[in-house]
Amino acid sequence: MIDIPFTTVAAVAEKPKSLYIHIPFCVSKCAYCDFYSLPKSRFSEGWQLDYVNQVLKRIDRFCDLFRLESLETLYLGGGTPTCLEDRVFERLIGQLDVRFGADLKEWTIEANPESLTLPKLETISHYRVTRISLGIQSMVDEELSLMGRAGRSQHNRHALLELQPLIHRGLAVSADLILAYPTKTPAESTQQNRSQERLSRLEGAIQYLVDSSVNHISLYDLTLEDNTPLKDAVEGGVLVPGDEDQLYGVRKMSERFLGGLGFERYEVSNFARQGAKSLHNSTYWAMKSYLGVGSGAVSTLIIPPGADDFYHSNIYSVRIEEDKDLDRYVHDTDVPVSSYLGKNDSLFEMVMMGLRTIRGVDEDRFEKRFGVSFYEVFHRSVEKWSSHFVECEESIHLDDQGLDILNSILVDMLIDLDALVD
């Protein structure tokens, strides 16, 4: 593999219009979380300010390299951005507003309810933030405690109440819910009773969010990630997960409940009212170029058709990962190219991400980029799962049941791709 200077990559790659900024600080780490985050208590206000200033410098460097004068979407995630000290948070938001605020179509900030304090709300209302993504997860204190969440249901309610004036002025609010968390279950409790209780709790949380003017809701299944307290607790018998079939029933009934409230499932785990879909996340799912800045953040740069020198070297995408050593990150301004993705990896990534959504895969873009049609590569999988594939004029996507079994379909599609290579 040849080593290509980053300036050359920036000159050729599809120009990014979306920027993700990672704030790797949290009050505490949740029991299920394997994301890159560190306890805020280890870092002083001055240290946080140094980090934010380095993030701003790196953003400026990217803007110079790509000749970016504007962005369409900006997403501030983590970690917990709103756990930054007030002065540090205000500097970051204010400087981002100066650089990009005038032209943004969407600006999202992730927040945990207990950290969405009055000073943070005042900062958000003063600048051109368009969306808050609120980590609700559950409205039941027992579940929040088992999750290792810093906040409780009263913090969720208080945050939603305090957001109402901003919502009335046009701020959009999205919320995350965990479908079903493992429980400390008495031996006499049946799976059926647990499922009914889960559904009742989940529908109650959804109704509360909708009544609070939340217009985008994410329903997440839990995965037992390695090196997390959740996996240790389940494997040690401390917590008991639900029956998979019954949990699936809870999910489908919750989805129908959301549908009755005017929410459309537009991605595997995401539901929105009309006009409230996440523009930033749609950039990821469509596999368009995006930038990631901040310790542990990732950029993906798409090499467009016609870049023959890159394609001859089997470079179809470039991925950059920012350093996870915070001290080194704050003092080192280099942005190394982390890896190149070849044709087959890029092709499968585009399919894997696109089929997560009801928009699906753009067949014309697919063929122009990879020089082969979608059906030519995946005809066996499409025929096997034909009852779940839906072909429109310009795209191919999965129906609702297809989204539920996406992983099984992707396994067959990967076999198709391997067979094509052989």
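The first residue in the sequence is number 1, and the count goes up from there.
A parallel orientation is assigned to the rings of Phe370 and Tyr316, their planes being inclined by less than 30° (bins at 30° and 60°). In this structure, Trp47 and Tyr51 have parallel ring planes: the angle between them is below the 30° cut-off, well short of the 60° mark. Ring planes of Tyr32 and Tyr181: perpendicular class, angle over 60° (limits at 30 and 60°).
Between Asp309 and Ser313, the closest side-chain pair of non-hydrogen atoms is not below 4.5 Å. Using a 4.5 Å heavy-atom threshold, the side chains of Tyr20 and Thr108 count as separate.
Of the possible polar contacts, none joining the Ser295 side chain to the Leu326 backbone as a donor-acceptor pair under 3.5 Å is found.
A cation-pi arrangement is absent between Arg319 and Tyr340 under the rule of less than 6.0 angstrom and at most 45 degrees off the ring axis. Cation-pi geometry between Arg58 and Tyr329 is met: the NZ or CZ atom falls under 6.0 Å from the ring centre, inside 45° of the normal.
Around the OH atom of Tyr375, the shell of radius 6.0 Å holds more than 12 heavy atoms that belong to other residues, nucleotides or ligands. Within a 6.0 Å sphere centred on NZ of Lys105, heavy atoms belonging to other residues, nucleotides or ligands number 12 at most. Within 6.0 Å of NZ on Lys29 lie more than 12 heavy atoms contributed by other residues, nucleotides or ligands.
Centroid-to-centroid, the aromatic rings of Tyr290 and Tyr284 come within less than 6.0 Å.
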